[in-house]
Structures are given as C-alpha cells and as structure tokens.
Amino acid sequence: MLQKMRAKQRHTRLMRAAGDLVDRATLKASSGPEDVTTAQLCCLAFARHQLRIDEAEAADYLAAALVAHGYSTEHRPATAV
C-alpha cells in the first residue's frame with residue numbers, strides 16, 4: 001500500500017512539473033510548448049522533488065502534459081541538445 005502511495009505521489013509530482021513547463025512555454029511569446037525539452041523536465045524534477053528521471057520517462061511525462069493541455073500528440077518533446 002505504501003509503495004502505491006509513493007508511486008502515485010511521484011506521478012503527481014512529475015505531471016505537475018511537466019505541466020508547469022508547458023504552461024510557462026505557452027505564456028512566452030518567443031517560444032511554444034514544442035520547445036520544452038526532456039532535459040528541462042529532468043532538471044526541474046530533481047530541483048523540486050529530488051527525483052532522478054531519464055530522458056525516456058521525461059518524454060512520456062511531457063507528452064502527457066501536452067495532451068492534457070490540449071495540444072496534439074504531434075507536439076513531441078524535444079530531446080536534450
């Protein structure tokens with residue numbers, strides 16, 4: 001039961017972080033949500049919650065956040081440069 005709670009809390013934190021990145025990118029006139037990178041989410045997740053995630057997991061969360069914010073699945077998160 002405790003493991004389920006931790007997994008749900010981790011998921012909620014990562015979705016919130018990804019959503020915040022998408023929100024911020026949407027508000028900037030010089031960029032858009034497609035400019036958010038997986039590296040940005042990896043850094044934010046660690047900075048806020050001390051969660052280490054890899055690029056593949058970050059891409060999944062960013063894609064989910066984009067869809068949750070009404071963007072099509074064609075907006076793929078950019079990988080780190």
Side-chain angles (χ1 to χ4, degrees):
M1 176 107 161
L2 183 59
Q3 190 175 17
K4 269 189 176 180
M5 287 175 50
R6 285 184 181 154
K8 182 177 171 137
Q9 184 180 46
R10 181 179 190 279
H11 173 76
T12 300
R13 287 177 174 177
L14 289 173
M15 281 301 297
R16 188 172 298 134
D20 288 351
L21 286 173
V22 170
D23 284 341
R24 282 188 233 155
T26 302
L27 296 175
K28 287 184 181 178
S30 62
S31 68
E34 64 277 358
D35 295 327
V36 177
T37 67
T38 54
Q40 289 173 311
L41 181 54
C42 291
C43 291
L44 185 59
F46 184 76
R48 280 191 185 172
H49 307 293
Q50 296 78 44
L51 294 174
R52 292 189 187 271
I53 63 173
D54 61 22
E55 298 274 331
E57 187 174 18
D60 289 342
Y61 276 97
L62 283 175
L66 288 167
V67 170
H69 282 77
Y71 296 98
S72 75
T73 55
E74 292 178 16
H75 290 272
R76 297 269 182 217
T79 56
V81 179

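This structure is a prediction, so every number in the text was calculated from the model and none was measured. Here, residue 1 is the first one in the sequence, and each next residue gets the next number.
- Contact record, L21 with Q40: CD1-C, 3.9 Å, taken as the closest heavy-atom pair.
- Atom NE2 of H11 and atom CZ of R16 lie 10.5 Å apart (nearest 0.5 Å).
- For the atom pair NE2 (H69) and OG1 (T26), the distance works out to 6.5 Å, reported to the nearest 0.5 Å.
- Between R10 and I53 the shortest side-chain heavy-atom distance falls below 4.5 Å.
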- Yes or no on salt bridge (Lys or Arg N to Asp or Glu O under 4.0 Å) for E57 and R52, after CA distance, side-chain angles and deciding distance? CA-CA 10 Å; E57 187 174 18; R52 292 189 187 271; over 6 Å; no
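- Smallest separation of non-hydrogen atoms from L44 and A17: CD2-O, 3.6 Å.
- The two atoms that bring R48 and D20 nearest to each other are NH1-OD2, 2.7 Å, heavy atoms only.
- Residues satisfying the side chain to side chain contact (heavy atoms under 4.5 Å, CB included) criterion with A18, sequence neighbours excluded, are L41, Y61, L62, A65.
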- Take R24 and V36 through the side chain to side chain contact (heavy atoms under 4.5 Å, CB included) test and state the conclusion after the steps. CA-CA 9 Å; R24 282 188 233 155; V36 177; over 6 Å; no
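- For the atom pair NZ of K4 and CD of Q9, the computed distance is 16.0 Å after rounding to the nearest 0.5 Å.
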